[in-house]
Amino acid sequence: MHFDFSLLTTELSMFILGLATFVLGLVVPSRSRRGIGAFALFGLLAVLGLTVLNWDQQGVLLNGMYLVDRYAMFFKILCLSTAILVIFGSLRYVNEHLGNHFEYYSTIVFATLGMMVIASAGDFISLYLGIELMTISFIILVAFRSQDGKSLEAGIKYLLQAGLSSAVILYGFSLIYAATGTIVILEVAHATLQGQASPLLIAGMVMLVAGLGFKVSAVPFHMWSPDVYEGAPTPVTAFLAVGSKAVSFAALLRLFVAGLAGVHQQWDILVAVLAALSMIIGNLVAIPQTNIKRLLAYSSIAQAGYLLVGLVTASPAGIKAVMFYSFLYVFATVGAFTVVAVVYNKIKSDEIADYAGLVQRAPLAAAVMLICLLSMAGIPPLAGFVGKFYLFSTVVSGYLWLVYLGLIMSMISVYYYLRVVLVMFRDDPKDPAPIEMGSAANITLIITMVATIFLGIYPNPLSEVANSAAISFFLK
Amino acid sequence: MDNVYSLLAFVLLAGMILGSALLVVTLRNLVHSVLWLIVMFIGVAGTFLLLNADFVAAVQVLVYAGAVCIMLVFGVMLVQRPNMEHSNPINWRFKLAAPLVGGLFIVIGLLTAKSQLVVSGQEVPAQTVQALAPILLNDFVIPFEVAAILLTVALTGALLLVKEVKANGNGS
């Protein structure tokens, strides 16, 4: 049997990097372990370079069980960029609040590897194991501050959520297997396109919507996310909010648009209702929040709703919109959470009221927060506007009510985003001492801000890349 | 089901599995729950035997009924508590959960009855073990390796979290 290892370059190098980070952490003396973060960071940068170089390398391994197409490559690059930004922006936070644990970095690398497996998985078993690898790494990361009761509570809640959603996903897989007799997604696609829409397949499909709904924290499967987002260490929250959500969308697209395309009639309204509920609940419940991490958690539930809109039509345009939006969501979210982390470093609080006068204490942090929040709200000329435009333009014909709902809810979201901005810019600080952030965090903030503005003004390059990736998705 | 005996065996095993699973979640004493969990796992192994999956049945007994349950008992033993009477707290929200789960069960049962299951039609091989290695190391090599990484991460993570708690307890 021919097995082309070169298609697995990214995964293999991530695996080696993860092990190397771990072993290096074991052998170096504890006082020089600060360098482990930098080691992991440069390793991830190298893997990112390798992945970008291999962009044209496409292929199918093991008869469709592992798909290396541009679509998967796109999500791998997205996850790597997120991991790099998260590690780079929070080197100091990690040293101060999590101790110099090398396991933190190796676990982040392995979580990223799990995300890559999800992005490339062509069958249910690889997909499930990728989800588990990512989830178990995240359980460890969420509970990392084990001296802190909130972090442990978040860890337990995430563990229960992960167990429940895995069980539901597996049940869905088993029902689909019983109905089609195959676990390979592309063969499921063949079976469903030939009109084998048995009731059992529909039941399995509903299970998958529910199970992956937990992963993307769509309403009504969102209950865990505010508590977990609040309790987890802030860099982990950023990674969870971006990486985990984006690859869960990658899995949703692969399963529904590729695998269950034949029963599109049965799932489109279900996904549309979930999208509508997530937009409504996420945005309305975000209004009374006083903790910035909980506010961002509810806003990320609303963002899941926007992203689900791209799924409804099962079209290349929808896939492209989801990919585009999740990539710019990386910068907006990582930027906002990095600000939260650096501010927490100084004032030890996540309350919005304590952000009073942030513009006088840390002008860059306040500016980045402003840009990121406005981008999430979808204000032109920032990237979020273009992303929402792509997402909602896919459903204009057929689901016009969803477009109106999205517009109204975006307007509501401006209210609570601007409330944070108002506190930062208008109120006087309690303590005018400037917040020193460290150059790594500064550079991360500048990168996220520039990317958010640039992608809003000139979205063409990313849009074309997402386009070619979406087309590769349909060639199979 | 081929004949009435295997049908009878299936019904008995299903009753055993469901009954012991219910006891696992409703009993107040955690040790009793673990004992019923062993019964449940053996029942599942029995259904595997009915399906001619002898190797999987043996693994089920060895790993789940044996190793996993012993680890659970060790976990119970190492957590200090005055007595075992209320060690398995249960939330009696049956009024909400029972109709929900029952309804779901009925819906899936009806859907299953309505749809045609895909049956492979192949004979079960006489030796079920030999075929496993090529499957694991050829067709399923990527999931197999991912599972290995997953176990490594889970192990180091569990050690990390437990070690931290201990250091903390000594410090304060």
Side-chain angles (χ1 to χ4, degrees), chain A residues 1 3 8 11 15 18-19 22 61-63 65-66 99 101 103-104 106-107 110-111 113-114 117 120-130 132-134 136-137 139-141 143-147 152 155 171 175 177-182 191 196-204 206-207, chain B residues 21 25 47 51 89 91 97 100-101 103-122 132-172:
Chain A
M1 194 182 69
F3 190 91
L8 288 178
E11 284 83 350
F15 173 57
L19 278 189
F22 190 79
L61 288 172
L62 306 169
N63 305 321
M65 284 186 54
Y66 206 75
H101 285 300
E103 293 97 338
Y104 174 80
S106 67
T107 313
F110 283 125
L113 177 61
V117 175
S120 268
D123 72 313
F124 294 160
I125 293 182
S126 309
L127 183 58
Y128 173 71
L129 282 166
E132 283 299 284
L133 178 55
M134 176 184 85
I136 287 184
S137 308
I139 293 170
I140 298 160
L141 290 170
F144 216 94
R145 281 163 67 179
S146 41
Q147 310 91 315
L152 284 181
Y171 200 9
L175 290 178
Y177 178 59
T180 60
T182 176
Q196 283 185 17
S198 65
L200 209 53
L201 186 78
I202 308 300
V206 174
M207 293 279 175
Chain B
V25 289
T47 41
L51 296 167
N91 179 350
L100 208 69
V101 177
L104 186 72
F105 181 73
I106 290 169
V107 167
I108 291 179
L110 284 178
L111 292 177
T112 316
K114 267 187 168 181
S115 41
Q116 222 167 7
L117 299 184
V118 177
V119 182
S120 82
Q122 283 177 335
L132 276 178
I135 290 177
L136 277 184
L137 292 176
N138 280 329
D139 300 349
F140 286 84
V141 61
I142 293 176
F144 183 68
E145 296 298 333
V146 174
I149 301 170
L150 171 68
L151 290 178
T152 315
V153 173
L155 199 65
T156 54
L159 278 176
L160 174 81
L161 294 180
V162 172
K163 183 184 77 182
E164 192 65 19
V165 169
K166 193 180 158 199
N168 212 23
N170 288 348
S172 62

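Every chain is numbered from 1, with letters handed out A, B, ... down the list of sequences.
The shortest distance between side-chain heavy atoms of A:Leu62 and B:Phe140 does not fall below 4.5 Å. Between B:Ile142 and A:Leu8, the closest side-chain pair of non-hydrogen atoms falls below 4.5 Å.
The line from CG of B:Leu151 to CD1 of A:Ile136 is 8.0 Å long, rounded to the nearest 0.5 Å. Separating the NZ atom in B:Lys114 from the CD1 atom in A:Ile202 is a distance of 11.5 Å, to the nearest 0.5 Å. Taken to the nearest 0.5 Å, the CG atom of A:Asn63 stands 10.5 Å off from the CG atom of B:Asn138. The CD atom of A:Glu103 lies 9.5 Å from the CG atom of B:Leu161; values are rounded to the nearest 0.5 Å.
Taking both residues in full, the closest heavy atoms of A:Leu200 and B:Ser115 are given as CB-OG, 3.3 Å, listed atom of the first, atom of the second, then distance. Contact record, A:Gly130 with B:Val146: N-CG1, 4.4 Å, taken as the closest heavy-atom pair. A:Leu129 and B:Pro143 get closest at one heavy-atom pair: CD1-O, 3.1 Å.
At a 4.5 Å heavy-atom cutoff, the contact between A:Met207 and chain B is made by side-chain atoms alone. Of the atoms belonging to A:Tyr128, not a single heavy atom falls under 4.5 Å from chain B. At a 4.5 Å heavy-atom cutoff, the contact between A:Leu61 and chain B is made by side-chain atoms alone. Neither the backbone nor the side chain of A:Leu141 comes within contact range of chain B, judged by heavy atoms closer than 4.5 Å. With a 4.5 Å cut-off on non-hydrogen atoms, A:Tyr104 does not touch chain B at all.
Residue A:Phe110 forms a side-chain contact (heavy atoms from CB on, under 4.5 Å) with just one option from B:Leu150, B:Thr156, B:Ile149, and that option is B:Ile149.
Ranked by non-hydrogen atom pairs under 4.5 Å with chain A, the options B:Val153, B:Leu117, B:Ile108, B:Val141 are led by B:Val153.
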